[in-house]
Amino acid sequence: MDILPRTFYERDTVLVAQDLLGKILVRKINNQILSGMIIETEAYKFGDPACHACKNITERNKGLFGEVGRAYVYFTYGNHYCLNAVARDLNTRSGGILIRAIKPIEGIEFMIANRRIQNLKTLTNGPGKLAQALQINNAQYGIDLTKEGELYITEGIKVKPEDIIATPRIGITKATENLWRFILKMPDY
DNA sequence: CTGTTGATCTGCT
DNA sequence: GCAGATCAACAGT
């Protein structure tokens with residue numbers, strides 16, 4: 001499976017968010033492979049009031065201003081890490097895509113052990129849950145997603161435009177009118 | 001230095 | 001459906 005090239009991330013953040021649906025997120029821990037198909041994303045870009053990087057660069061959000069194709073991880077609500085991919089067209093100052101949900105493919109037993117639950121439905125269907133299942137934390141901040149390593153993204157299935165649902169984003173209080181949350185229709189999930 | 005807030009999850013009602 | 005957990009980053013004093 002081919003790893004997505006850096007040019008994939010050098011486009012408008014909203015476009016990349018849609019294109020990430022159906023791609024495969026791969027996490028390697030020692031020799032254990034964990035992977036899953038990306039089925040839900042949200043786009044955040046510069047000037048967007050709901051985005052961490054809406055105005056000034058700070059210690060936490062500087063990754064969103066850096067090189068595209070890298071991982072941006074942040075900690076919130078005292079309990080949860082969330083995984084983003086940095087992506088923007090080269091005329092924009094910052095932008096990122098929140099990976100909200102994946103469908104587990106490989107290493108499901110390992111994920112269940114990480115999450116200490118039994119219910120498959122709630123294994124990786126939220127940003128914080130997904131990060132916990134894949135053991136993602138600040139150690140993954142800034143990892144290059146375009147190189148084979150402990151965390152990267154590869155080509156997946158082809159997604160038709162009519163299989164993508166756009167809805168308002170979740171858990172924010174500003175700019176809720178932008179339909180920048182994208183869900184992949186999954187007939188068998 | 002202090003107070004507030006947040007791209008959430010879980011458990012209980 | 002709703003409140004509580006829980007803490008780092010941020011902005012203001």
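Lettering follows sequence order; numbering is per chain, from 1.
Remark: A:Arg11 is not positioned above the aromatic ring of A:Tyr9, lacking an NZ or CZ atom under 6.0 angstrom from the ring centre and at most 45 degrees off the axis. Under a cutoff of 6.0 Å and an axis angle of 45°, A:Arg88 and A:Phe65 do not form a cation-pi pair.
Where DNA chain B meets chain A (any atom under 4.0 Å from a heavy atom), the bounding nucleotides read 5' to 3' are B:dG6 to B:dT10.
Contacts of A:Arg169 with the nucleic acid, taken as non-hydrogen atoms under 4.0 Å apart, are absent. A:Ile172 comes within 4.0 angstrom of the backbone, heavy atoms only, and of no base. Heavy atoms of A:Arg116 sit nowhere under 4.0 angstrom from any nucleic acid atom.
For A:Lys129 and A:Asn125, the side-chain atoms include at least one donor-acceptor pair closer than 3.5 Å.
A side-chain donor-acceptor contact under 3.5 Å links A:Arg27 to the backbone of A:Glu150. In this structure a side-chain-to-backbone donor-acceptor pair under 3.5 Å is missing from A:Asn30 to A:Gln32.
From A:Ile143, atom CD1 reaches atom CG of A:Leu83 across 9.5 Å, with rounding to the nearest 0.5 Å. Within the model, atoms CG of A:Leu145 and CD of A:Gln140 stand 10.5 Å from one another, a figure rounded to the nearest 0.5 Å. Here the CE atom belonging to A:Met111 is positioned 6.0 Å from the OG atom belonging to A:Ser35, to the nearest 0.5 angstrom.
Residue A:Leu20 forms a side-chain contact (heavy atoms from CB on, under 4.5 Å) with just one option from A:Leu25, A:Leu184, A:Leu4, A:Leu15, and that option is A:Leu4.
Below 30°, between 30° and 60°, or above 60°: for A:Tyr72 and A:His52 the angle between ring planes is above 60°, a perpendicular geometry.
Pairing analysis of DNA chain C (Watson-Crick: purine N1 to pyrimidine N3 plus N6-O4 or O6-N4; G-U wobble: N1-O2 and O6-N3; both under 3.5 Å) yields stems of 3 or more pairs at B:1-6 with C:7-12, B:8-12 with C:1-5.
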Contact string for nucleotides 6-13 of chain C, one letter per nucleotide 5' to 3', B = base within protein heavy-atom range under 4.0 Å, S = sugar-phosphate only, - = neither, reads BB-SS---
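Nearer the 5' end of DNA chain B, as judged by each residue's closest nucleotide, is the contact made by A:Tyr72, out of A:Tyr72 and A:Arg115.
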